[in-house]
Protein chains: 2
Amino acid sequence: MKAAVPITVNGLKASCSQCNLVELCLPFGMSEHDLDRLDELVGGRRKVKRQQSLYRAGDIFEAIYAIRAGSFKTDVLLEDGRDQVTGFQMTGEILGLDGISAESHSCNAIALEDSEVCVIPYAKLEELSREVEGLQHQFHKVMSREIVRDHGVMMLLGSMRAEERLAAFLLNLSQRFTARGFSAAEFHLRMTRDEIGSYLGLKLETVSRAFSRFQEDGLMSVQQKHIRILDAAGLKRLLQHHPSSR
Amino acid sequence: MKAAVPITVNGLKASCSQCNLVELCLPFGMSEHDLDRLDELVGGRRKVKRQQSLYRAGDIFEAIYAIRAGSFKTDVLLEDGRDQVTGFQMTGEILGLDGISAESHSCNAIALEDSEVCVIPYAKLEELSREVEGLQHQFHKVMSREIVRDHGVMMLLGSMRAEERLAAFLLNLSQRFTARGFSAAEFHLRMTRDEIGSYLGLKLETVSRAFSRFQEDGLMSVQQKHIRILDAAGLKRLLQHHPSSR
DNA sequence: AGATGTGGTTGACGTGGATCAACGGCGCCC
DNA sequence: GGGCGCCGTTGATCCACGTCAACCACATCT
């Protein structure tokens, strides 16, 4: 439990070289030597309470953010009120890359739980990555990874059926929890059925039914947001088959 | 009409500063001074015939490409044979950004017509963008724009109905043709109904029916791949309404 | 403990788009 | 110039998912 602290930039000097998330975050793969130079990179930290936004669509773009603790969703809105969750982000992942192109953000980033981010002023990032080759390279990789990830989601939305989508989603979560040292099989969903549905292009009832189906089939146990995967291989098998390979 | 030339890197010295696509391509927004430095950037040109690939998923990543003439599609494949078109690219647009993250390409880039690209060796791009601030900034914007574009497609795939998807697609094409000095209303589709369907997460029959519907409703005239938009405002109106705002 | 609200589950029913099938237009190539 | 193959159109039918509605589980507040 953390003490209650107002949601502001705080003066605490953040240091990438000291951070235990270095293996997951922007500096991944950088040399010790280059890493030392990053101490000037992080402008500060910022806490964001559950349901509050780190930035909103239209905000001018000044910084990107590395998640230090907690998790977020990003979503985009259409004029007519429809919205779509474009991603869920966890510790070590980078938020805000969408803002570079238009110098203003194009989506909302909202905390799914009380969270904390490192603020990386973009001007400083560009400046430093002109000097530190490793940083430049890693930053490009992070952006490219985001593009590849989005292609995966497009694949999912464009050509998978409901249960396949949910299976792919859960396996992806599981793998990301594993990378963070948590159990691959048992975890707590931070988002609602509605948010999962929005991300997967499904209605919340369909998501709920797919969960029930997986449970009936012995693939997993589901109690509200608490998930335990019992048969990961079975879930993977769901993805290998054509939708209607009659 | 160009003379037939074998599909190889040719020795022709490409020059961004002389290129009439500069307003659309990577150097967009760069100063005259910075632009001069780009002459070392482009490694050469490469012609790609219709249906041939510029690169394939799994190829090691060495360069990104700027389309000088023609157009491409990119697609990703699932193990089970399903595939999904992730984008259509036209002159001035950049291909290959997906390759940076894993140092190998994650999708196929296939020419929709006989095309030509500028080859931009990635190592050289990183090197030069450490020296030329304008280039660094523009490159980041191009990557970010790709991310924003992908979010738009996710929105489309996740929350629009068939006719809305096609309308959005056509309006997007129209706008990109306009930016290239072509007619906003009348153009030639370079891709098949099947490819459009794959991109939009629909079957080719559904795409065909939506075209027929638009024609019946007087929104456009369609003759095979030749499209004329008669009522752009009507198409836009299709996008403003909820799917089932009963 | 009871009231209230948010999120999740489940059932009954409707529908948009997939599937299956037949056919038409057009270019290409022997 | 006739046959072949690809692409596109259209109709009939089916089904996965959406919609609508009722109900339940929990958390929070008083």
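Chain letters run A, B, ... following the sequence lines, proteins first and then strands; every chain starts at 1.
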Original post:
With sequence neighbours left out, which residue pairs that include part of residues 202-235 of chain A fulfil the ring-ring contact (aromatic ring centres under 6.0 Å, His included) condition?
Top reply: none

Subject >> Cationic N near anionic O, under 4.0 Å, E195(A) to K73(A) >> reply: yes

Original post:
Could you state the CD-C1' distance from E113(A) to dA27(D), rounded to the nearest angstrom?
Top reply: 18 Å

**OP:** Please state how far atom CZ in R193(B) lies from atom C1' in dT9(D), giving the value in whole angstrom units.
**Re:** 9 Å

**OP:** For the side chain of T192(A), starting at C-beta, report the closest nucleotide among dG8(C), dG17(C), dG8(D).
**Re:** dG8(C)

Subject >> side-chain hydrogen bond (donor to acceptor under 3.5 Å, both in side chains) against R56(A), all qualifying residues, sequence neighbours excluded >> reply: S53(A)

Original post:
Using the C1' atoms of the five pairs at each end, what is the angle between the end axes of the helix from dA1(C)-dT30(D) to dC30(C)-dG1(D), to 10°?
Top reply: 40°

Subject >> Between C1' of dG16(C) and CZ of R165(B), the distance in whole Å >> reply: 11 Å

Original post:
Base, sugar-phosphate alone, or nothing: which one does G201(A) contact when heavy atoms must sit under 4.0 Å apart?
Top reply: sugar-phosphate

**OP:** Please list all pairs passing the side-chain hydrogen bond (donor to acceptor under 3.5 Å, both in side chains) test where one or both residues lie in residues 167-176 of chain A, with sequence neighbours left out.
**Re:** E93(A)-R176(A), N172(A)-R176(A)

Subject >> Value in whole Å for how far the P atom of dG8(D) lies from CE of M191(B) >> reply: 11 Å

Original post:
To the nearest Å, how far apart are L202(B) CG and dG8(D) P?
Top reply: 15 Å

**OP:** Hey, could you give me each pair passing side-chain hydrogen bond (donor to acceptor under 3.5 Å, both in side chains) that has a residue in residues 210-221 of chain A? Not counting sequence neighbours.
**Re:** E163(A)-R213(A)

Which pairs of donor and acceptor atoms, one on a side chain in residues 199-207 of chain B, lie under 3.5 Å apart (sequence neighbours left out)?
unit_1, atom_1, unit_2, atom_2, d
Y199(B), OH, R149(B), NH1, 3.3

Original post:
Quick one, which residues of residues 205-229 of chain A touch DNA chain D with a heavy atom under 4.0 Å?
Top reply: E205(A), T206(A), R209(A)

Original post:
Looking at L21(A) and G92(A), what are the two nearest heavy atoms and their distance?
Top reply: CD1-N, 4.2 Å

Original post:
Among all residues two or more places apart in sequence or in another chain, which pass the side chain to side chain contact (heavy atoms under 4.5 Å, CB included) test with A111(A)?
Top reply: V48(A), F72(A), S115(A)

Subject >> Rounded distance (Å) that lies between atom P of dG18(D) and atom CZ of R161(A) >> reply: 12 Å

Side chains of residues 62-71 of chain B: which donor-acceptor partners sit under 3.5 Å, not counting sequence neighbours?
unit_1, atom_1, unit_2, atom_2, d
S71(B), OG, E113(B), OE2, 2.6

Original post:
Could you state the NZ-C1' distance from K203(B) to dT9(D), rounded to the nearest angstrom?
Top reply: 17 Å

Subject >> Integer-rounded Å distance: dC20(C) C1' and L204(B) CG >> reply: 12 Å

